Amino acid sequence: MRTIKIYCKECEKELTHELTETNIFWTNGLEFMLDNQFSILLKENENTKSVIVPIANYYLKDHSDKSRFQGCCGSSGLDGLNKLCLNGHEVATEFSDCWTDEYIEFDNNKVIIKEKDTDNNFKKWDL
C-alpha cells in the first residue's frame, strides 16, 4: 500500500498530510474511505485517473465563488474546481450533494503527488 502527500503544483504548498491507499478502486460507484486514506478514481468514459480523498480537514479552503458549490444540500461538483490551496490556487473539487458520493477529487494538472519510499522520503509519483 502506498503512502502519499499532495502538493499544489503552482506554489508547492502542502495540501494533505500523509494519506494511505485503500484497497478499493472507485469506478463511479459508492465506496467508503476513512480519514487519512486515498483511492484512485477511474473514469472509464474519459480514460483518466485521479486521486480522491474523503471530505476531512486538509490544507484547503473553499473557493470564494459560491456558485462553484451549487447543489440542493451540498456541492454537486459540476461547477468547476471549488477547493483552493492556502495561497488561493484552484486544486480540487468537493462532491458532497445528496445525489453524489462524498469525496474530494484532486485535479492532476493542478497538483504534485509524492509517494513515500522505503527510506521515508517523498518522491514525485506519476499517477
Side-chain angles (χ1 to χ4, degrees):
M1 297 256 229
R2 286 181 268 247
T3 299
I4 65 169
K5 282 186 179 181
I6 302 175
Y7 301 82
C8 176
K9 189 178 251 181
E10 188 139 350
C11 65
E12 298 186 18
K13 195 86 161 155
E14 190 173 309
L15 303 175
T16 68
H17 33 274
E18 288 187 18
L19 304 169
T20 304
E21 188 172 22
T22 67
N23 288 328
I24 59 173
F25 274 80
W26 282 46
T27 55
N28 296 328
L30 292 171
E31 293 290 351
F32 178 75
M33 284 186 293
L34 301 173
D35 287 353
N36 303 318
Q37 291 185 329
F38 78 94
S39 186
I40 306 298
L41 174 63
L42 302 171
K43 293 184 180 177
E44 296 168 351
N45 57 337
E46 298 173 20
N47 197 29
T48 61
K49 298 181 205 176
S50 57
V51 171
I52 60 172
V53 297
I55 295 174
N57 293 322
Y58 303 107
Y59 311 118
L60 300 171
K61 61 183 181 179
D62 288 347
H63 204 292
S64 61
D65 179 357
K66 297 306 174 199
S67 71
R68 304 273 181 113
F69 288 93
Q70 291 186 43
C72 66
C73 52
S75 173
S76 70
L78 300 176
D79 299 301
L81 297 167
N82 56 24
K83 294 301 228 182
L84 310 174
C85 77
L86 296 180
N87 286 331
H89 303 116
E90 296 178 347
V91 293
T93 304
E94 176 184 316
F95 293 83
S96 59
D97 208 1
C98 58
W99 61 273
T100 67
D101 296 331
E102 293 190 7
Y103 60 93
I104 294 172
E105 178 181 0
F106 287 94
D107 184 321
N108 292 339
N109 297 315
K110 305 281 186 174
V111 298
I112 298 167
I113 303 168
K114 293 185 180 180
E115 180 181 9
K116 191 181 222 181
D117 66 17
T118 54
D119 296 325
N120 289 326
N121 297 312
F122 282 89
K123 307 281 186 182
K124 187 173 178 193
W125 176 51
D126 293 318
L127 183 59

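Just so it is clear, the values below take in all heavy atoms, side chains as well, and ignore hydrogens, waters and symmetry mates. All of these numbers come straight from a predicted model, not from anything done at the bench.
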**OP:** Anything under 30° is parallel, anything over 60° is perpendicular, the rest tilted; go ahead and classify F106 against Y58.
**Re:** perpendicular
Original post:
Can you check side-chain contact (heavy atoms from CB on, under 4.5 Å) on L84 and V91, steps first, answer last?
Top reply: CA-CA 5 Å; L84 310 174; V91 293; 5.7 Å; no
**OP:** Decide, yes or no, whether a salt bridge links K5 with E14 under the criterion of side-chain N to carboxylate O below 4.0 Å.
**Re:** yes
Subject >> Step-by-step salt bridge (Lys or Arg N to Asp or Glu O under 4.0 Å) determination, R68 to E90 >> reply: CA-CA 11 Å; R68 304 273 181 113; E90 296 178 347; 2.9 Å; yes
Show me the donor-acceptor pairs within less than 3.5 Å that the side chains of residues 117-127 make with the rest of the protein, sequence neighbours left out.
| residue | atom | partner | partner atom | Å |
| --- | --- | --- | --- | --- |
| D117 | OD1 | D119 | N | 2.9 |
| D117 | OD1 | N120 | N | 3.2 |
| D117 | OD1 | N121 | N | 2.9 |

**OP:** Anything under 30° is parallel, anything over 60° is perpendicular, the rest tilted; go ahead and classify Y103 against F95.
**Re:** parallel
**OP:** Dump the intermediate steps for side-chain contact (heavy atoms from CB on, under 4.5 Å) on I4 and F38, then the final yes or no.
**Re:** CA-CA 9 Å; I4 65 169; F38 78 94; 3.6 Å; yes
Subject >> Remaining members of hydrophobic cluster (4.5 Å side-chain criterion), L78 >> reply: W99
Original post:
S75 pairs by side chain to side chain donor-acceptor pair (under 3.5 Å) with which of T93, D62, N82, D97?
Top reply: N82
Original post:
Quick one: ring pair (Phe, Tyr, Trp, His ring centres under 6.0 Å) partners of Y7, sequence neighbours excluded?
Top reply: none
Subject >> Carboxylate-amine/guanidinium contact E105 K83, below 4.0 Å >> reply: no
**OP:** State the CG-CG distance between L86 and L15, to the nearest 0.5 angstrom.
**Re:** 8.0 Å
Original post:
Any donor and acceptor pair, going by atom type alone, linking the side chain of S76 with main-chain N or O of Q70 inside 3.5 Å?
Top reply: yes
Original post:
Within a reach of under 6.0 Å around NZ of K61, are more than 12 heavy atoms found that belong to other residues, nucleotides or ligands?
Top reply: yes
Original post:
Backbone N or O of L34 within a donor-acceptor pair of the Q37 side chain at under 3.5 Å?
Top reply: yes
Original post:
When rounded to the nearest 0.5 angstrom, what distance separates CG in D101 from CD1 in I52?
Top reply: 7.5 Å
**OP:** Please report the C-alpha distance between S50 and I40 in whole Å, then the side-chain angles of each, then the deciding distance to 0.1 Å, and finally whether the side-chain contact (heavy atoms from CB on, under 4.5 Å) criterion is met.
**Re:** CA-CA 6 Å; S50 57; I40 306 298; over 6 Å; no
Original post:
How long is the gap from CG on N87 to SG on C11, to the nearest 0.5 Å?
Top reply: 4.0 Å
Original post:
To the nearest 0.5 Å, how far apart are CG in N108 and CD1 in I113?
Top reply: 5.5 Å
Subject >> Stepwise side-chain contact (heavy atoms from CB on, under 4.5 Å) test for E18 and K116 >> reply: CA-CA 9 Å; E18 288 187 18; K116 191 181 222 181; 3.2 Å; yes
Original post:
Once you round to the nearest 0.5 Å, how far does NZ of K13 lie from NE2 of H89?
Top reply: 11.0 Å
Original post:
How close do D79 and S67 get, heavy atom to heavy atom, and via which atoms?
Top reply: CB-O, 3.4 Å
Original post:
Same hydrophobic cluster for I55 and Y59, using side-chain heavy-atom links shorter than 4.5 Å among ILVMFWY?
Top reply: no
Original post:
Which one of L41, I104, I6 satisfies the side chain to side chain contact (heavy atoms under 4.5 Å, CB included) criterion with V51?
Top reply: I6
Subject >> Check against salt bridge (Lys or Arg N to Asp or Glu O under 4.0 Å), K110 and E10 >> reply: CA-CA 7 Å; K110 305 281 186 174; E10 188 139 350; over 6 Å; no
